[in-house]
Amino acid sequence: MTEPPVLSVRDLIVEFPTRRGTLRALDRISFNIRKGEVLGMVGESGAGKSLTGAAIIGLLEPPGRIAGGEVHLRGDRIDSLSPEAMRKVRGRRIGMVFQDPLTSLNPLYTVAQQLVETIRTHDDVTEAAARARAIALLDRVGIPAAARRIDDYPHHFSGGMRQRVVIALALCAEPELVIADEPTTALDVSVQAQIIDLIKEICAERGASVLLITHDMGVIAETADRVAVLYAGRLAELGPVRDVITAAEHPYTQGLMGSIPTLTLESTRLVQIPGAMPRLNEIPTGCAFNPRCQQVFARCRTERPSPIERPGGRQVACWLLSETTAEEAHGGTALEGRGPLPAL
Amino acid sequence: MEEPLLKVEGLCRRFDISRPWLNRVLEGGERQFLTAVADVDIAINRGETFALVGESGSGKSTIARMIVGLLAPTSGQIIFDGTRLDGTDGSKMRALRKRFQMIFQDPFASLNPRWRVGDIIAEPIHRFGLLKGVAVSHRVGELLDTVGLSAGDADKFPHEFSGGQRQRIAIARALSSKPQFIVCDEPTSALDVSVQAQILNLMRDLQDEMGLTYLFISHDLSVVRHMATRIGVLYLGRLVETAESKTLFRSPDHPYTRMLLDAVPDLELSGRRRQQVDGEIPNPIDPPPGCAFHPRCPRVMDRCRIEVPKPVPTASGAAACFAVESVPSPALGGLAKVRS
Ligand SMILES: Nc1ncnc2c1ncn2[C@@H]1O[C@H](COP(=O)(O)OP(=O)(O)OP(=O)(O)O)[C@@H](O)[C@H]1O
Ligand SMILES: Nc1ncnc2c1ncn2[C@@H]1O[C@H](COP(=O)(O)OP(=O)(O)OP(=O)(O)O)[C@@H](O)[C@H]1O
Ligand code: SF4
Ligand SMILES: [Mg+2]
Ligand SMILES: [Mg+2]
């Protein structure tokens with residue numbers, strides 16, 4: 001029997017009950033993360049990236065709740081655990097790195113206190129042994145003079161150094177999975193690269209898988225093995241990074257890739273996707289992307305496309321790729337770079 | 001050669017960040033100053049897009065705010081179309097002011113939420129007394145149309161629009177006094193990439209149609225590459241390098257520019273190992289002596305620790321670095337090979 005994936009998310013639904021009805025913020029999201037793999041998750045603001053991470057680690061803020069689906073960590077179901085059991089999973093089996101390092105660090109305790117406590121709640125070791133391990137880890141994440149700095153408080157560190165401390169904290173219990181939600185967004189460009197490299201290297205060393213959430217496609221390109229593209233709470237496309245970036249199959253991903261200015265290409269005109277991602281209470285029926293899609297056809301407006309398996313382990317949720325509708329979709333025109341300004 | 005549209009010479013801005021006087025007396029402590037901008041020289045030609053890039057705190061917004069008159073320089077001059085802005089007064093100044101406008105980063109904060117969109121856009125028209133009566137609403141309708149909205153949107157309030165649409169409104173307002181020069185401070189940083197593409201395309205179209213000149217501020221090098229004809233790179237308030245966009249990306253001269261280019265994750269998928277970038281930006285209150293970049297610089301020499309380097313001419317601009325000075329045209333490094 002093959003080993004189960006480190007993380008398996010199946011048909012995850014997250015809803016927010018409101019006075020004016022229920023908002024569905026994640027709608028049947030499915031993906032796996034394999035051992036040692038970095039899965040990138042991209043999408044525009046509000047696409048549901050952070051909610052996906054929060055739902056997996058049981059930190060959805062009420063009234064948000066998982067309304068369907070399952071989450072398995074190495075075969076163990078974790079979406080229906082008690083808060084107490086979930087807290088254990090979070091510390092020990094899943095490490096977390098957030099955009100703002102101060103959400104993970106307690107300002108009232110020294111770095112040593114926080115690291116030693118975390119290590120000791122998960123491993124039966126002496127205080128001295130835990131401290132030695134903590135120093136080694138701080139040294140590994142690039143804190144200069146770790147043995148001395150370990151007794152400093154979080155606010156004594158610069159932004160980049162704090163994020164290194166958070167990475168040490170996320171990894172000190174040797175988790176199987178690290179969820180990093182925009183870990184470099186708050187940092188300076190020159191520091192971002194250091195932190196991304198660090199996360200990638202240290203997780204590889206320790207065999208931890210990574211769910212890397214970011215809106216920065218460049219970070220994904222350099223870091224992830226596979227990428228999941230979210231749109232309006234749904235999975236639009238998932239596949240190996242290179243394939244998705246160089247030959248996207250979903251019209252949304254195609255537009256998204258073309259709309260990103262790059263360092264290497266001469267400044268041609270950027271691809272424009274008309275309009276903007278809908279709010280949760282305005283998601284159209286059928287394919288959520290249909291009002292902005294240049295290749296839309298009748299079926300897209302009535303029926304929602306499920307992810308379709310494609311060669312190379314790709315999944316694309318678009319009717320254009322369904323055999324049953326191939327003829328109907330008389331291959332509309334591809335997204336055009338030049339052209340009149342779109343109506344909004 | 002034609003006179004630049006905007007010239008900035010020796011621009012400096014210090015902020016007094018001392019604790020209140022009484023605290024200083026009671027608890028001791030010196031007066032403290034933060035130099036946000038030091039000795040900046042810029043010349044922007046008509047019809048070009050000059051970009052300022054730099055990491056957070058490098059002084060980009062401070063320069064923008066001094067140029068549009070929202071903040072007084074500590075020293076230095078700003079010369080617009082041959083006229084010094086500081087010595088000029090009254091009506092002449094008004095006439096000058098309407099020729100330049102500013103677009104801010106935050107399309108939510110920069111529009112008055114209680115005003116209708118039409119009034120927001122018409123505000124510069126009224127302020128400069130450009131049009132009266134129905135001509136105003138006619139012009140507002142035109143402007144909305146220009147930025148890809150519709151005349152009917154004039155009656156709505158800002159909260160009824162998405163982030164990208166609000167930035168279009170801000171652009172329409174900036175255009176309403178028919179300016180020649182627009183300072184854009186991170187105009188797309190708050191927007192999603194697909195919406196950013198719409199706004200960047202719009203800004204370029206408007207530039208082509210109206211012959212606008214832009215000072216374009218961003219921390220995103222890819223965006224800058226897409227928009228700029230020339231680029232100035234700031235580090236801790238000083239301009240470390242200026243160059244034509246193409247040259248800068250192909251063969252940066254200043255070690256900091258190289259480092260910055262190397263640090264940017266890109267879509268190119270070359271699999272290149274990035275150069276390890278060391279260190280972080282020092283505290284601006286107490287910057288390193290000499291060249292402020294010296295503690296992080298791979299080419300540091302003794303001199304860099306003591307003297308502040310002056311800009312020296314390079315292939316298409318200038319760089320303030322002793323290493324560049326001693327090797328006037330450095331061989332293209334590994335970076336350049338990967339990128340070309
Ligand atoms: N407490 C809440 N009540 C109602 N809706 C919410 C709540 N929290 C999040 N949402 C909605 O859920 C959607 C997904 O939010 P999420 O934070 O996952 O986005 P994201 O992809 O992480 O975006 P960003 O890039 O801005 O971080 C958004 O439309 C958001 O408005
Ligand atoms: N009113 C002020 N009082 C004190 N210090 C200030 C003031 N305005 C700016 N500064 C300081 O001046 C420096 C330059 O700030 P500025 O806002 O110009 O940077 P920036 O390059 O625009 O950064 P960002 O990318 O974060 O917008 C910073 O160190 C900042 O803290
Ligand atoms: S399903 Fe239809 S509307 Fe949706 S992306 Fe595919 S073609 Fe476009
Ligand atoms: Mg988020
Ligand atoms: Mg700024």
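Below, read A as the first sequence line, B as the second, and so on, with proteins coming before strands; counting in each chain starts at 1.
- The aromatic rings of Tyr252(A) and Phe289(A) sit perpendicular, their planes meeting at an angle over 60°, well past the 30° parallel limit.
- Ring geometry for Phe293(B) versus His254(B): interplanar angle of 30 to 60°, hence tilted.
- Partners of Arg166(B) under the salt bridge (Lys or Arg N to Asp or Glu O under 4.0 Å) rule, at least two apart in sequence or in another chain, do not exist in this structure.
- Counting only N and O atoms by type, the side chains of Gln165(B) and Ser162(B) include a donor and acceptor under 3.5 Å apart.
- For chain A, the nearby part of Ile281(B) is the side chain; its heavy atoms alone come within less than 4.5 Å.
- At a heavy-atom separation below 4.5 angstrom, chain A is approached by no residue within residues 231-241 of chain B.
- The residue among Ser158(A), Pro144(A), Pro261(A) with the most heavy atom pairs within less than 4.5 Å of chain B is Pro261(A).
- Looking only at side-chain heavy atoms (C-beta outward), Cys184(B) and Met227(B) stay at 4.5 Å or farther from each other.
- Annotation for Val42(A) and Lys49(A): closest pair C-CD, 3.7 Å, computed over non-hydrogen atoms.
- In this model, no donor atom of one side chain and acceptor atom of the other lie less than 3.5 Å apart for Glu244(B) and Ser316(B).
- Top candidate by heavy-atom pairs under 4.5 Å with chain B, chosen from Gly159(A), Gly218(A), Ser45(A), Gly46(A), is Gly218(A).
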(message) Run Arg269(A) and Arg204(B) through side-chain contact (heavy atoms from CB on, under 4.5 Å) and show every step you take.
(response) CA-CA 9 Å; Arg269(A) 205 178 162 76; Arg204(B) 280 178 62 152; 5.5 Å; no

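- Smallest separation of non-hydrogen atoms from Gly164(B) and Leu191(B): N-CD2, 3.7 Å.
- Both the backbone and the side chain of Met161(A) come within less than 4.5 Å of a heavy atom in chain B.
- If you tally non-hydrogen atom pairs under 4.5 Å between each of Ser150(B), Ser56(B), Ser222(B) and chain A, the highest count goes to Ser222(B).
- Only the side chain of Leu200(B) comes within contact range of chain A, with at least one heavy atom under 4.5 Å from a heavy atom of that chain.
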